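Since the structure comes first, as structure tokens, the remarks are kept for the end.
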Amino acid sequence: MTIEFDNNLPIYIQIMNYIKGEIVAGKLKPGDKILSVRELASELQINPNTVQRTFQELEREEIVETRRGMGRYVTSNEGTILTIKKEMAKDVLDRFIRGMQDLGFQGEDILAAVAENIRNKDGE
């Protein structure tokens, strides 16, 4: 696992976003066991307390669950995973729309640009 950390965002949030992305992309499936605090801290070369904070937040959001004596697992709740996916998609779209507006595009122009790009991708 490789994460390029951004100095403008707390590391635990970046790790949370990475894990959420892995779940949404299907790389981590419902019920999959995730790395331990020590394993993840070692792999990312960060403080175990940071990983512990990440896991606490993921548990609070009910994205991972702890099974006593067995470790942490991705939630089996498909509704939770779908909610994460929708939230992440909204964030991506919001950034895209802001970027397009910064370039001078508005509503219908943005839609037309997206439609054209999709048509070009489908034709490849």
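In this text, all values refer to a predicted model and were calculated from it rather than measured experimentally.
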>> Taking salt bridge (Lys or Arg N to Asp or Glu O under 4.0 Å) as the cut-off, I'd like each qualifying pair that reaches into residues 92-104, sequence neighbours left out, listed once.
In response: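 Applying salt bridge (Lys or Arg N to Asp or Glu O under 4.0 Å) to every pair that reaches into residues 92-104, excluding sequence neighbours, yields Lys90-Asp94.
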When clusters are formed by joining ILVMFWY residues with side-chain heavy atoms under 4.5 Å apart, either directly or through shared neighbours, do [X] and [Y] land in the same one?
| X | Y | answer |
| --- | --- | --- |
| Leu93 | Phe105 | no |
| Leu9 | Met88 | yes |
| Leu28 | Tyr73 | no |

Side chain proximity check, Ile15 to Ile46, heavy atoms < 4.5 angstrom:
yes
[atom1] of [X] to [atom2] of [Y]: how many Å apart, nearest 0.5 Å?
| X | Y | atom1 | atom2 | result |
| --- | --- | --- | --- | --- |
| Leu103 | Asp109 | CG | CG | 11.5 Å |
| Ile84 | Ile63 | CD1 | CD1 | 3.5 Å |
| Thr54 | Leu44 | OG1 | CG | 9.0 Å |

Margin query: Other residues, nucleotides and ligands only: do more than 12 of their heavy atoms fall within 6.0 Å of CD on Glu65?
Written below: yes
Test: side-chain hydrogen bond (donor to acceptor under 3.5 Å, both in side chains). Region: residues 29-39. Which pairs qualify, not counting sequence neighbours?
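For residues 29-39, and leaving out neighbouring residues, the side-chain hydrogen bond (donor to acceptor under 3.5 Å, both in side chains) pairs sorted by first residue read Ser36-Glu39.
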query = Could you give all pairs that pass the side-chain hydrogen bond (donor to acceptor under 3.5 Å, both in side chains) test and reach residues 9-20, with sequence neighbours left out?
reply =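 Residue pairs with at least one partner in residues 9-20: Tyr12-Arg53, Lys20-Glu61.
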Review point. Run the side chain to side chain contact (heavy atoms under 4.5 Å, CB included) check on Leu35 and Glu43 step by step: do they pass?
Key: CA-CA 10 Å; Leu35 296 176; Glu43 191 167 317; 3.6 Å; yes
State, to 0.1 Å, how close [X] and [Y] come at their nearest heavy-atom pair, and which atoms those are.
| X | Y | result |
| --- | --- | --- |
| Glu62 | Thr75 | O-CB, 3.5 Å |
| Val24 | Ile81 | CG2-O, 4.5 Å |
| Ala113 | Met100 | CB-CE, 4.0 Å |

Evaluate the side chain to side chain contact (heavy atoms under 4.5 Å, CB included) criterion for residues Phe96 and Ile110: first the C-alpha distance (whole Å), next the side-chain angles of each, then the deciding distance (0.1 Å), finally the verdict.
CA-CA 10 Å; Phe96 169 75; Ile110 295 171; 3.7 Å; yes
Contacts of Ser76 meeting side chain to side chain donor-acceptor pair (under 3.5 Å) (sequence neighbours excluded), chain-then-number -> none
*Can you name the side chain to side chain donor-acceptor pair (under 3.5 Å) partners of Glu57, sequence neighbours left out?*
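Counting only residues at least two positions away or on another chain, Glu57 forms a side chain to side chain donor-acceptor pair (under 3.5 Å) with Arg60.
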task = Test Gln52 against Asn47 for side chain to side chain contact (heavy atoms under 4.5 Å, CB included), laying out the working first.
result = CA-CA 9 Å; Gln52 184 63 36; Asn47 189 310; over 6 Å; no
Under the side chain to side chain contact (heavy atoms under 4.5 Å, CB included) rule, what do Ile97 and Gln101 come out as? Steps first, then yes or no, please.
CA-CA 6 Å; Ile97 291 168; Gln101 288 171 335; 3.7 Å; yes
Q | Under 4.5 Å side-chain linkage, directly or through intermediates, the cluster mates of Leu82 | A |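 Grouped by the 4.5 Å side-chain rule, Leu82 forms a cluster of one, so the answer is none.
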